[in-house]
Number of protein chains: 2
Amino acid sequence: MSEDRLSRVFAALADPTRRDLVARLSSADATVGELAAPYDVSLQAVSKHLKVLEEAGLVSRESRRAPVRLEAEVFDLMTKWIDRYQQQAEERYRRLDALLEEMQESTPREASREQDAS
Amino acid sequence: MSEDRLSRVFAALADPTRRDLVARLSSADATVGELAAPYDVSLQAVSKHLKVLEEAGLVSRESRRAPVRLEAEVFDLMTKWIDRYQQQAEERYRRLDALLEEMQESTPREASREQDAS
DNA sequence: CTCATTGTCAACCAAGTGGTTGAGAAATAG
DNA sequence: CTATTTCTCAACCACTTGGTTGACAATGAG
């Protein structure tokens with residue numbers, strides 16, 4: 001299920017610490033210890049965060065103590081989803097705008113007839 | 001904090017039901033009742049989901065029973081974040097590739113004449 | 001105004017999350 | 001091989017989350 005995968009990716013990035021890990025890994029691979037150093041949480045906590053990122057496919061390692069690497073391809077999954085609905089929504093706005101213009105064109109006088117009070 | 005906002009947006013989209021709501025709203029506005037109909041959870045549950053989407057800025061309503069509307073601009077927040085690190089990561093891969101090529105160039109014994117593509 | 005419809009709030013519950021500490025596995029150094 | 005360093009697993013805790021049901025607020029129709 002690719003749907004479930006998307007859920008895991010979004011959930012993984014919903015945490016600021018994990019987003020920061022991704023940000024840092026985008027400029028250089030790093031070991032768990034190196035990654036953990038700047039934060040004031042335990043190494044275990046960071047290890048857990050990395051596990052979440054790994055299960056979302058955002059990050060990988062060749063072995064236990066090897067440097068962690070960012071898997072940037074996963075980003076495509078998200079951007080594809082986002083683009084799809086963003087474009088669909090924008091298309092709707094365009095059509096709505098067109099419709100509103102059309103209505104204003106065809107009923108310029110009759111509209112002023114409806115002096116609605118409340 | 002814009003950081004916190006990103007967290008809320010990602011978290012909101014980490015749920016399949018909420019992604020489906022967004023997908024449906026991208027093609028037409030709809031009331032809470034209409035939105036809830038297809039799912040086999042309670043109306044209250046859907047109302048909660050919409051609240052989450054609303055607090056993430058993904059959705060809005062003019063009044064209580066008015067149709068819910070998708071706010072597609074928020075998508076920009078995500079794509080900006082994603083693009084930034086995706087590009088940074090890709091840039092790194094390019095540099096790494098270049099480095100590897102360079103190393104392969106210098107290792108072969110008689111390959112020192114490989115400056116043809118300048 | 002009165003009533004029915006529509007949506008939200010409140011309280012609750014089971015499961016999940018991000019953090020902790022302690023113990024132990026696994027990789028590297030001596 | 002042994003010792004040390006690096007990382008993960010397990011158990012636990014407080015808090016959040018997605019769901020429920022029941023009561024109630026707010027809006028629209030008669």
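Every chain is numbered from 1 and lettered A, B, ... according to where its sequence line falls, protein lines coming before strand lines.
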Discussion item. Minimum heavy-atom separation for A:Arg24 and A:Glu34, please, with both atom names.
Written reply: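 It is NH2-O, 3.2 Å.
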What nucleotide, of [options], holds the atom closest to the side chain of [X]?
| X | options | answer |
| --- | --- | --- |
| B:Ser47 | C:dT8, D:dT20, C:dG19 | C:dT8 |
| B:Arg64 | D:dT8, C:dG7, C:dT21 | C:dG7 |
| A:Val41 | D:dG19, C:dT20, C:dG18 | C:dT20 |

Worksheet item: Going by distance alone, is a donor N or O of one side chain under 3.5 Å from an acceptor N or O of the other, for B:Arg84 and A:Ser26?
Response: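 No pair is found: no donor N or O on one side chain lies under 3.5 Å from an acceptor on the other.
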Without decimals, in angstroms, what is the distance between [X] [atom1] and [N] [atom2]?
| X | N | atom1 | atom2 | result |
| --- | --- | --- | --- | --- |
| B:Arg18 | D:dT17 | CZ | P | 9 Å |
| A:Leu35 | D:dT8 | CG | P | 11 Å |
| B:Leu43 | D:dA23 | CG | P | 17 Å |
| B:Glu62 | D:dT27 | CD | P | 14 Å |
| A:Leu13 | C:dG18 | CG | C1' | 16 Å |
| A:Phe10 | C:dT17 | CZ | C1' | 19 Å |
| B:Glu55 | D:dT16 | CD | C1' | 13 Å |
| B:Asp15 | D:dT17 | CG | C1' | 10 Å |

Worksheet item: Is a donor-acceptor contact shorter than 3.5 angstrom present between the side chain of B:Gln44 and the base of D:dG18?
Response: no
Worksheet item: Is there a donor and acceptor pair closer than 3.5 Å between the side chain of B:Arg65 and the base of C:dT6?
Response: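 By the distance-only test, no, there is no pair.
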Discussion item. Heavy-atom nearest nucleotide on DNA chain C for A:His49 versus B:Glu54: which residue maps closer to 5'?
Written reply: B:Glu54
Worksheet item: Is any side-chain heavy atom of A:Met78 less than 4.5 Å from a side-chain heavy atom of A:Leu13?
Response: yes
Worksheet item: With a 4.0 Å cut-off on heavy atoms, is B:Ser63 in touch with a base, just the backbone sugar-phosphate, or nothing at all?
Response: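 The answer is nothing, as B:Ser63 stays clear of every strand by at least 4.0 Å.
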Worksheet item: Does a side-chain N or O from A:Arg61 land closer than 4.0 Å to OP1 or OP2 of D:dC7, or not?
Response: no
Practice prompt. May I ask you to evaluate whether B:Ser42 reaches the phosphate of D:dG19, defined as a side-chain N or O under 4.0 Å from OP1 or OP2?
Written response: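 No, B:Ser42 has no side-chain N/O under 4.0 Å of OP1/OP2 on D:dG19.
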Worksheet item: Would A:Glu54 and A:Arg61 satisfy salt bridge (charged side-chain N to carboxylate O under 4.0 Å, His left out), going step by step from the backbone distance to the final call?
Response: CA-CA 9 Å; A:Glu54 197 167 0; A:Arg61 245 174 316 175; 3.5 Å; yes
Worksheet item: When the nearest nucleotide of DNA chain D is assigned to A:Thr31 and to A:Lys48 on a heavy-atom basis, which residue is associated with the more 5' position?
Response: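 Final value for this comparison: A:Thr31.
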Discussion item. I'd like to know if B:Val41 and B:Val52 are part of one continuous hydrophobic network [Ile/Leu/Val/Met/Phe/Trp/Tyr, side-chain heavy atoms within less than 4.5 Å].
Written reply: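 As far as the 4.5 Å side-chain criterion goes, B:Val41 and B:Val52 are not connected within one cluster.
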